[in-house]
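Ligands are counted one by one from 1 in listed order, and the atoms in each one are counted from 1 as well.
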Amino acid sequence: MKAAADAILRPEQAAYLEALEPPRDALLVKMEARAAERGYPVSDPEVASFLAVTAQARRPRFIVELGTNIGYGAIVLARAAGPAARVLSFELSHEICETAREFIAEAGLEDRITVLQGAALQELEKVEGLIDLAYIDCVKEEYPRYLELLVPRLAPDGVIVADNVLWGGHVARSSVPDTQRAPTEALRAFNLALVQHPSLRAVILPLGDGVAYAVKQG
Ligand SMILES: C[S@@+](CC[C@H](N)C(=O)[O-])C[C@H]1O[C@@H](n2cnc3c(N)ncnc32)[C@H](O)[C@@H]1O
């Protein structure tokens with residue numbers, strides 16, 4: 001359950017929804033425990049469930065993830081998208097890349113998930129081929145630029161999922177602490193650009209810390 005101050009649901013609502021969940025996958029539980037122990041910012045389990053449902057419904061063949069961390073989202077996406085899917089995921093930290101690769105090997109997905117060490121913006125510019133599903137979960141200040149780079153690289157009916165777009169509620173507040181101003185302003189710009197983009201149909205869901213979901217039109 002999301003106990004952080006940025007939880008959107010009231011605790012009793014979150015506990016109720018969590019009690020409905022089927023038994024958890026052992027590897028994901030292990031990864032969540034590692035993340036909790038080391039303070040790794042993996043996706044919330046409810047966001048992972050949303051990624052899995054989306055990937056299984058859409059069957060994307062080429063998935064790009066911005067921000068791998070320990071490979072939690074990449075594993076969820078690769079599993080749910082099926083055996084024809086491959087995932088390319090970018091992570092800045094060499095050490096975290098190594099941990100992600102270990103978990104990906106444990107999941108038996110090393111042939112379908114590539115973790116590339118580097119800065120997401122620079123690596124995204126080099127991506128070749130149309131992207132069927134992009135998961136944005138990286139530097140908040142860079143979200144508007146990720147969107148600019150992703151839309152032309154997205155296949156028709158391709159999907160963008162972006163995490164943390166409500167940023168603990170800061171995006172909706174008139175007064176924002178100085179430390180949160182830059183990410184908040186970037187996320188406000190991203191949300192507006194996404195929802196009003198002429199090539200996208202988009203919705204922002206109050207799930208986890210806010211999840212944006214968009215599909216490319218035409
Ligand atoms: C929120 S975590 C990603 C969580 C992951 N998507 C998941 O589903 O569990 C964001 C990650 O982005 C990485 N990161 C930070 N700056 C980056 C950059 N410029 N390029 C690529 N990765 C970056 C961080 O090290 C961190 O591991």
Side-chain angles (χ1 to χ4, degrees), residues 2 4 6-7 24-25 27-56 60 63-81 85-104 106-107 109 112-127 131 133-150 159-168 170 180 182-184 186-187 190 205 207-213:
K2 192 166 177 66
D6 61 357
R24 308 294 323 286
D25 173 83
L27 178 60
L28 296 184
V29 169
K30 181 174 166 183
M31 294 177 80
E32 289 161 15
R34 176 79 67 89
E37 180 190 307
R38 306 270 174 95
Y40 292 141
V42 298
S43 293
D44 293 328
E46 60 267 40
V47 175
S49 295
F50 178 76
L51 290 173
V53 170
T54 302
Q56 188 166 342
I63 298 169
V64 169
E65 179 186 44
L66 310 182
T68 316
N69 197 255
I70 60 171
Y72 184 80
I75 290 172
V76 166
L77 285 164
R79 281 175 168 173
R86 68 187 178 95
V87 179
L88 177 60
S89 185
F90 306 126
E91 169 57 54
L92 195 60
S93 158
H94 174 73
E95 187 193 330
I96 295 177
C97 279
E98 289 301 308
T99 306
R101 290 184 188 117
E102 285 166 22
F103 278 121
I104 289 163
E106 195 171 334
L109 290 167
R112 295 204 287 119
I113 302 176
T114 304
V115 177
L116 219 157
Q117 197 237 319
L121 271 184
Q122 280 76 49
E123 298 305 328
L124 186 54
E125 284 181 0
K126 296 182 218 159
V127 168
I131 299 167
L133 190 154
Y135 180 36
I136 305 176
D137 193 17
C138 205
V139 183
K140 306 313 159 195
E141 288 84 343
E142 295 181 355
Y143 272 38
R145 183 67 185 139
Y146 298 151
L147 185 64
E148 284 174 7
L149 290 172
L150 276 171
V159 163
I160 296 174
V161 179
D163 199 13
N164 307 112
V165 300
L166 294 178
W167 203 232
H170 286 311
Q180 298 303 323
T184 300
L187 288 167
F190 171 83
L205 305 167
L207 185 71
D209 189 25
V211 172
Y213 181 74

Contact between ligand 1 and Gly118 is defined here as a heavy atom of the residue under 4.0 Å from a ligand atom; is it met?
yes

Selection from Gly71, Ser43, Cys138 by shortest heavy-atom distance to atom 8 (O) of ligand 1
Ser43

If only atom types and distance count, is the side chain of Gln117 paired as donor or acceptor with the main-chain N or O of Leu92 below 3.5 Å?
yes

Tell me the contacting part of Thr68 for ligand 1: side chain, backbone, both, or neither, using a 4.0 Å heavy-atom threshold, strictly below.
backbone

I need the minimum non-hydrogen distance between Ala74 and Ile113, along with the two atoms involved.
O-CD1, 3.5 Å

Counting heavy atoms only, which of Gly67, Pro41, Ala120, Ala119 is nearest atom 12 (O) of ligand 1?
Gly67

As a check for students: among Gln122, Glu91, Glu32, identify the option with a heavy atom nearest to atom 25 (O) of ligand 1.
Glu91

Minimum non-hydrogen distance to atom 16 (N) of ligand 1, winning option of Asn164, Val139, Asp163:
Val139

Is it the side chain, the backbone, both or neither of Tyr40 that has a heavy atom closer than 4.0 Å to ligand 1?
neither

For ligand 1, is any non-hydrogen atom under 4.0 Å from Glu65's backbone (N, CA, C, O), its side chain (CB onward), both, or neither?
side chain

Are Tyr213 and Phe50 close enough that their ring centres sit under 6.0 Å apart?
yes

Shortest non-hydrogen separation from Tyr143 to Ile136 and the atoms involved:
OH-O, 3.4 Å

